[in-house]
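First the structure, in the form of structure tokens, and then the observations on it.
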Amino acid sequence: MTSASSSGDETSDPKPNPITKPPEDQLAALALSDTDSQANGVANESPRGNNHNEIENEEEVAALTNSAPSGSSEVVESSGGGGGGILRARSNSELEADGPESPSSSGYAGGRGSSSASSDGSGIDEIAAVSDVEVVDGVSDSQAPWVPGKRHVDEDDASISWRKRKKHFFILSNSGKPIYSRHGDEHKLAGFSATLQAIISFVENGGDRVKLVRAGKHQVVFLVKGPIYLVCISCTEEPYESLRMQLELIYGQMLLILTKSVNRCFEKNPKFDMTPLLGGTDIVFSSLIHSFSWNPATFLHAYTCLPLAYATRQAAGAILQDVADSGVLFAILMCKHKVISLVGAQKASLHPDDMLLLSNFVMASESFRTSESFSPICLPRYNAMAFLYAYVHFFDADTYLMLLTTSSEAFYHLKDCRIRIEMVLLKSSVLSEIQRSMLDGGMRVEELPLDPLPRSGSFSPHLNQHTLPTDSPDRFREPYDGVGGPAGLWHFVYRSIFLDQYVSSEFSAPINSARQQKRLYRAYQKLYASMHERGIGPHKTQFRRDENYVLLCWVTQDFELYAAFDPLADKALAIKTCNRVCQWVKDVENEIFLLGASPFSW
Amino acid sequence: MGLASASTATTGPEAMQLCIFDLRRGQNEGQELDKILFFYPADLPFSAQFSVIGLSEGLITFTRIFSPEAACEAIEADRHSHVFYEAEPDIWMVMVVEKSMEYEAKWRTDALRKVLKEVHSLFVMFHGSVRAMLDKDPGGVLARSHLYSFVMDYLGDFLVGKKLLMPSFRDSLKERGTVQMLTVGREAAIEVQSLVRVLESSAGNLPCHSLILFQDLLVSTTLSPDDTVNLFAYAVLRLTPHVLSSGASSWSYLRKGATANVSSSSILSDSGTVPEQYHGSHNNSSAGDNSSRVIRPLKLDKWSKGNDGFLATDIWGAEPSTGVSATPTVFLHQSEERMYLCAHQHKSLTLLFLIPVSSVLNGEQGLSTVKQQVLENVSLKLLKVEEKLSKGWGGENAYHVSGYRYLLVDGDRNVSRASPTGKVTTLSKESLLALSKLREEVDREKSRAQWDSPGHEKELEVSIRAKNNAWVIARVTRGKELYMVLEKANETLLYASDAVEKFSNRYCGGAFSLN
């Protein structure tokens, strides 16, 4: 939020910056807090310059105003804030020349996420019309970089380009004051914000509560949370339930930064302006919104683990447990959005949504990466009213440790804990195993075994210090490598219900481009919503065939399986293959899931 | 005042509201009332009416910011669903239904929109467009009085007891706005063909159209698809032997166990007077007298069969000179021509033929000659066709397929066929709810595909095994749709797919088969 200049006026305390103020002052303190002012600083400088290395794959595709319905001629635009987004558009398409980040091993290309670049609108987020932008043809499948942070700040509701954005998110107060807008400058959107407020209160005055408005391809989704109103306007094909859940997550992200006690400010002063409190956190929201188009955790309500040999994960878990016993509420070791290990103090359990929001907050805020930080955060599902304190330290670019405590004075203790953990991780070579796993990736549909593996089987040779050699005859190899797995299997997601965890296969051909990945993601999202229909769900099985895929879904008491096949796949073979996938996952669950140590099993 | 007061008194004003308004009217402050062309319940305070219309108008404007090509279609709120339909440019119909805690109050938005669409199409067929009426009488009295009688008469068919019941999830295996056809053998088809030919020729050189029904099923039509749907709907509502004998419309008959009871029909037939507002009390138009004579084509129990087999009604009044009842007229959608609607009935066979008003000299007298002439020419054929069709007719469960509950829709031809209502009622609530939800999903996919690539037809196959183990299935291919519930199916997906395949091969000419 370039306009929120609070950080410029506030002192940027040298780190570490343990906060010792009484809880009442936390809200006010937040604007002062280390991380925020850091993030703010970033935003106030040229975000693009600063985040060059952060560039991910995402599209911001603009179509020409009148003529192009979507698809004929586009320009890649991804202005990351600051004025002159349109001018930037050109430099951005040049920026693309850096080349798309190749799909990394993280399961979703490009770590913080891949998303797609594309032009023709189907399943793509950003179609905009900007008439005075140079039109670049044929960029359709190129992977325009995703740049974190604010977009299109020069726009407002009078701009045609703004109106044509595929997905808007707004946060406003019940007096109609804008708090956050994904696209455009909040201050210029005051009038629009007042309109949204008027709609909500008009219906409320009639004794009702508006949830959804449909118009053609568009859906307007409303969520009222006390004095905070959240609205999404989208012409993506996501179902209402998914969009509503995304608003819930955005609200959760806001609580993570401010806690629910922000409501009190509105009680005292209905005209309270919240924007300064969120100053500099634009980047956190935009990163979360970006994850709505690539991270299955946002609709599955489960987290995923980095694949690791059982012993390696055990070693990491043991040292975290050690630390947790010394008064740490949660100790979480993560690599990008994947969990390596996590441990909670007795009786404390961590909701997957909280983990998603926390890791998004940490990964999106540049300041956490530069040195160890101590920051007040709130876990909305754990306790929406209170702050916890998060000690965050990055061991390398992707791997980080989060230690959560209730004590605002625990910084030095947590620092000591971190040093102990780091030593153990280094000594037991856990960190290098993590690096290796990152490179090797996770389950690949091409490697789906023909027959059940022996009990101690391993899905991937690199993890496997004890069993199968790479060229094991057990390993299923289709003659047509490069077009997915057997029976036309392209991809799958398996969610373990008891563990609150999911595993998803690596993307392989033909789901190569970011655009195809996003389309598949959206198809899963729709399938999930359809299976979990309110009031009548969950259904048991679903088979769905359209132009793009055959999708199969199983929901049992223990797990949910979502699998995508070639649209011409044979039904009987597809079913058989799904059974094999389930067996495979069970065979290697020691390595792909965090078992036993789960705080949910208390 | 009939329906209005009766239902507001018993179910409260909120159970269902229906309004029709014109965005071009009442632009200035203080004149907002002028927008309203129809409101049910009519006795709802104006402030409450304004609130519905204000919200609707606000959201139409708001959604056009983002979606200029398609404004607001529906609002979902905690307690109500609002369904929008832009019947004519700037003339909107909005239905507000209350979501009660009861299980029954679950609708499919598209099914409700089709109710709005149907009443509007029928209105236009009899009275011409609302806009034309407003142009003719800018004060709005003409349009208001006609809309009031027409829509109230139409809504009367949804009265069950003292409650208006809109189509719910229980009607998921039905498709309003489509025609149900009788399947006839080859021989009978030839007979029908020759009947149609004789009919056409016996009208001399008048460009005449015909529509033939057997029971509540269509046998033949020479009208355009749109006109066929409208006339078919009207015939099934008011003209078929079943309606004439029971005094109930087919729709209320189809409702589970609800043969229109005495109370509802008497509520209806009493509703003669139009409330004050529709007489233009709030504007100073002098057209008041015009509205005193409003033709009510949907008024119940107004049709009867004469000795000559022609169906007669005094709805259209009588010719002052002769005292003979005036023959109904309708507008054809396609040619926009005014046609006389003549209906003849022989046992289960209903024959509708339409003759251009402009081509008949001497009004009723001339028409009467034409009618007699036609009857003379076709009466033998009529007997023969009726006999043939009766012989081949399998009764009301003729289209039941054992083990299946289905709906088959051919969107290109506006034709549908479904399991008999009596059989559908054996399905559990859970299955029907799951189907209703699935249909909602398919509706959305279809409309999405329309927006994304107009003309490109959606291909989709969905099979869901619901919590109660029933298979709920939707197939969309080349403009045809098949919906199915299999409750006693074996538990495998392959079994269910196989069942669909068999059905498709045997009853759909393989349209849904995967080869």
Side-chain angles (χ1 to χ4, degrees), chain A residues 69-70 120-122 157 163-165 168 192 195-196 198-199 202-203 205-218 220-222 233-235 237 239-240 526 529-531 533-547 550-555 567 571-572 574-575, chain B residues 14 48 51-52 54-55 58-60 62-80 82 84 103 106 109 430 433-434 436-438 441 444-445 447-448 451-453 458-469 471-473 476 491-494 496-497 514:
Chain A
S70 61
D120 81 348
S122 58
D157 54 323
R163 293 174 175 204
K164 293 211 173 180
R165 303 256 165 243
H168 289 271
F192 183 79
T195 309
L196 292 176
I199 292 170
F202 192 96
V203 178
N205 291 341
D208 209 341
R209 182 168 279 193
V210 63
K211 287 158 45 179
L212 167 70
V213 174
R214 286 186 199 284
K217 279 160 70 167
H218 281 79
V220 187
V221 180
F222 299 87
I233 301 179
S234 163
C235 61
E237 57 205 305
Y240 160 75
K526 211 188 274 182
S530 167
M531 289 298 283
E533 192 73 64
R534 272 206 190 174
I536 53 169
H539 298 316
K540 292 183 169 171
T541 311
Q542 180 161 170
F543 174 91
R544 176 180 289 246
R545 187 199 299 271
D546 64 12
E547 296 90 336
V550 157
L551 294 173
L552 255 167
C553 179
W554 249 281
V555 174
K571 214 173 261 174
I575 293 166
Chain B
E14 299 214 343
S51 137
V52 172
L55 178 66
L59 281 168
I60 288 165
F62 176 76
T63 49
R64 280 193 172 137
I65 297 177
F66 298 93
S67 175
E69 67 286 354
C72 191
E73 288 164 356
I75 306 174
E76 288 296 334
D78 275 350
R79 292 180 48 224
H80 298 90
H82 306 233
F84 288 61
Y103 220 26
K106 298 224 161 56
T109 312
E430 291 71 27
L433 275 171
S436 179
K437 286 287 183 188
L438 175 58
E441 241 183 273
R444 217 154 291 142
E445 296 270 350
S447 101
R448 177 96 203 170
W451 289 116
D452 283 344
S453 47
K458 184 80 193 164
E459 296 280 323
L460 185 65
E461 171 184 1
V462 183
S463 307
I464 293 175
R465 186 168 179 78
K467 220 154 77 178
N468 68 349
N469 285 332
W471 280 101
V472 178
I473 295 164
V476 179
E491 66 183 50
T492 70
L493 173 62
L494 291 175
S497 301
L514 298 165

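Letters A, B, ... are given to chains in the order of the sequence lines, protein chains preceding strands, and every chain is numbered from 1.
When heavy atoms are compared at a cutoff of 4.5 Å, B:Ile464 approaches chain A by way of both its backbone and its side chain. With a threshold of 4.5 angstrom between heavy atoms, A:Phe222 does not approach chain B through any atom at all. At a 4.5 Å heavy-atom cutoff, the contact between B:Ala466 and chain A is made by backbone and side-chain atoms alike. Residue contact with chain B, scored on non-hydrogen atoms closer than 4.5 Å, involves the backbone and the side chain of A:Glu547 alike. For chain B, no part of A:Leu551 is nearby; none of its heavy atoms comes within less than 4.5 Å. Of the atoms belonging to B:Arg64, not a single heavy atom falls under 4.5 Å from chain A. With a 4.5 angstrom heavy-atom cutoff, A:Val210 touches chain B via backbone and side-chain atoms both. Only the side chain of A:Phe202 comes within contact range of chain B, with heavy atoms under 4.5 Å apart.
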Q: In sequence, state the C-alpha distance, the side-chain angles, and the governing distance for A:His218 and B:Thr63, and then conclude on side chain to side chain contact (heavy atoms under 4.5 Å, CB included).
A: CA-CA 8 Å; A:His218 281 79; B:Thr63 49; over 6 Å; no
Q | Verdict with supporting geometry, B:Lys437 and A:Glu533, salt bridge (Lys or Arg N to Asp or Glu O under 4.0 Å) | A | CA-CA 8 Å; B:Lys437 286 287 183 188; A:Glu533 192 73 64; 3.8 Å; yes
(Q) For a side chain to side chain contact (heavy atoms under 4.5 Å, CB included) check, start with the C-alpha distance between A:Arg545 and B:Leu460, then their side-chain angles and the critical distance, and finish with the verdict. (A) CA-CA 6 Å; A:Arg545 187 199 299 271; B:Leu460 185 65; over 6 Å; no
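Here A:Thr541 is the residue among A:Thr541, A:Val203, A:Ile233, A:Asp546 with the most heavy-atom pairs under 4.5 Å with chain B. Heavy-atom pairs under 4.5 Å with chain A were tallied for B:Cys72, B:Ala74, B:Ala48; the largest tally goes to B:Ala74. Heavy-atom pairs under 4.5 Å with chain A peak, among B:Ser51, B:Gly54, B:Ala434, at B:Ser51. Options A:Cys235, A:Cys553, A:Ala198 differ in how many heavy-atom pairs under 4.5 Å they form with chain B, and the most are formed by A:Cys235. Chain A forms more heavy-atom pairs under 4.5 Å with one residue of B:Arg444, B:Glu445, B:Lys458 than with any other, namely B:Arg444.
Contact between A:Ala215 and B:Ser67 at its shortest, heavy atoms only, is O-OG, 3.4 Å. Heavy-atom minimum distance, B:Ala70 versus A:Gly216: CB-CA, 3.5 Å.
In this structure, CG in B:Asn469 is found 12.5 Å from NE2 in A:His539, a value given to the nearest 0.5 Å. One distance of note links CH2 of B:Trp451 with CD of A:Glu237; it measures 15.5 Å at 0.5 Å rounding. The line from CZ of A:Phe543 to CZ of B:Arg465 is 15.5 Å long, rounded to the nearest 0.5 Å.
Taking 4.5 Å as the limit, some side-chain heavy atom of A:Gln542 sits within range of a side-chain heavy atom of B:Val462. The shortest side-chain heavy-atom distance between A:Leu552 and B:Leu493 falls under the 4.5 Å cut-off. By the 4.5 Å heavy-atom criterion applied to side chains, A:Lys571 and B:Leu494 are counted as neighbours. At a threshold of 4.5 Å between non-hydrogen side-chain atoms, the residues A:Val213 and B:Phe62 do not count as touching. With contacts defined as side-chain heavy-atom distances shorter than 4.5 Å, the pair A:Ile199/B:Leu59 qualifies. A:Leu212 has its side chain out of reach of B:Ile75: every pair of non-hydrogen atoms, C-beta onward, lies at least 4.5 Å apart.
Of the possible donor and acceptor atoms, none in the side chain of A:Asp208 sits under 3.5 Å from a partner among the backbone N and O of B:Ala77.
Listed by chain and residue number, A:Ser530, A:Arg544 satisfy the side-chain hydrogen bond (donor to acceptor under 3.5 Å, both in side chains) test with B:Glu441 (two or more places apart in sequence, or in another chain). Under the ring-ring contact (aromatic ring centres under 6.0 Å, His included) criterion, A:His168 pairs with A:Trp162, A:Phe170, A:His183, B:Phe66, sequence neighbours left out.
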